[in-house]
Amino acid sequence: MKAFTSIRNIFNYLAYALILSGISLSSYLTYLTITTTTCPISGGCDLVIASPYSRILGIPVATLGIIGFILILLFLRIKSYVGILFLGIAGILFIAYLQYLQINVIGQICSFCTSAHFLYILSFIFSLLSMKYSS
């Protein structure tokens, strides 16, 4: 029983760390999108952040990432497996769409955006693992 408790704690701490990292990175991406500041990483970040696909109804896509991370955090806190599962699947589908846009439409990859996507996917996985071992 003690082993399951420690495994759950490890998954729980990893999920929280990934979620907080994702919120931080998404906040920075929101800042870059709003201020149209150039991205400190060379490559396609500037083109991706300045593209018309960086906003939905005027809201930076990165802000939607912040909301997604916060919702996963809330569902993890209240132990809502269904909520985490729904957000994870919806988020992965949206990430697939965003990656498609970066690769096939914009023709550039933003390292920060892709990192935020990985953080979201990993947050989802470790949140599910934390829920699995909390029973």
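This is a predicted model, so every value here is computed, not measured.
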Once rounded to the nearest 0.5 Å, what's the spacing between atom [atom1] of [X] and atom [atom2] of [Y]?
X      : Y      : atom1 : atom2 : answer
Met131 : Phe11  : CE    : CZ    : 14.0 Å
Leu14  : Leu129 : CG    : CG    : 9.5 Å
Leu20  : Leu73  : CG    : CG    : 6.5 Å
Ser127 : Phe124 : OG    : CZ    : 8.5 Å
Ile19  : Leu74  : CD1   : CG    : 9.0 Å
Lys79  : Ser130 : NZ    : OG    : 6.5 Å

Chi angles and distances behind the side-chain contact (heavy atoms from CB on, under 4.5 Å) call for Val61, Leu29: CA-CA 9 Å; Val61 170; Leu29 284 166; over 6 Å; no

Show me the pairs that pass side-chain hydrogen bond (donor to acceptor under 3.5 Å, both in side chains) and involve residues 84-96, at least two apart or across chains.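 Listed once each, the pairs would be none.
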
Qualifying side-chain hydrogen bond (donor to acceptor under 3.5 Å, both in side chains) pairs with a residue from residues 58-75, counting only residues at least two apart or across chains: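 Every pair satisfying side-chain hydrogen bond (donor to acceptor under 3.5 Å, both in side chains) with a residue in residues 58-75: Thr30-Thr63.
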
Does Phe126 share a hydrophobic cluster with Tyr13, counting links as ILVMFWY side-chain heavy atoms below 4.5 Å and allowing steps through other members?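 No, Phe126 does not connect to Tyr13 through the hydrophobic network.
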
Applying side chain to side chain contact (heavy atoms under 4.5 Å, CB included), name anything that partners Ser80, two or more places apart in sequence or on another chain.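 By the side chain to side chain contact (heavy atoms under 4.5 Å, CB included) rule, Ser80 matches Phe75, Ile78.
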
Residues two or more places apart in sequence or in another chain: which of them pass side chain to side chain contact (heavy atoms under 4.5 Å, CB included) with Ser26?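 Applying side chain to side chain contact (heavy atoms under 4.5 Å, CB included) to Ser26 gives Ile66, Phe69, Ala116.
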
Check whether any side-chain heavy atom of Leu76 lies under 4.5 Å from a side-chain heavy atom of Asn12, and answer yes or no.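 The answer is yes; the side chains approach within 4.5 Å.
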
Scan the side chains in residues 85-107 for donor-acceptor partners under 3.5 Å anywhere in the protein, sequence neighbours excluded, and list what turns up.
| unit_1 | atom_1 | unit_2 | atom_2 | d |
| --- | --- | --- | --- | --- |
| Gln99 | OE1 | Gln102 | NE2 | 3.0 |
| Gln99 | OE1 | Thr114 | OG1 | 3.4 |
| Gln99 | OE1 | His117 | ND1 | 2.7 |
| Gln102 | OE1 | Cys110 | N | 2.7 |

List the atom pairs, with distances to 0.1 Å, where a side-chain N or O of residues 51-59 and a protein N or O form a donor-acceptor pair under 3.5 Å, not counting sequence neighbours.
| unit_1 | atom_1 | unit_2 | atom_2 | d |
| --- | --- | --- | --- | --- |
| Ser51 | OG | Val48 | O | 2.9 |
| Ser51 | OG | Tyr53 | N | 3.2 |
| Ser54 | OG | Ile49 | O | 2.8 |
| Ser54 | OG | Ser51 | O | 2.8 |
| Arg55 | NH1 | Gly58 | O | 3.2 |
| Arg55 | NH2 | Thr33 | O | 3.1 |

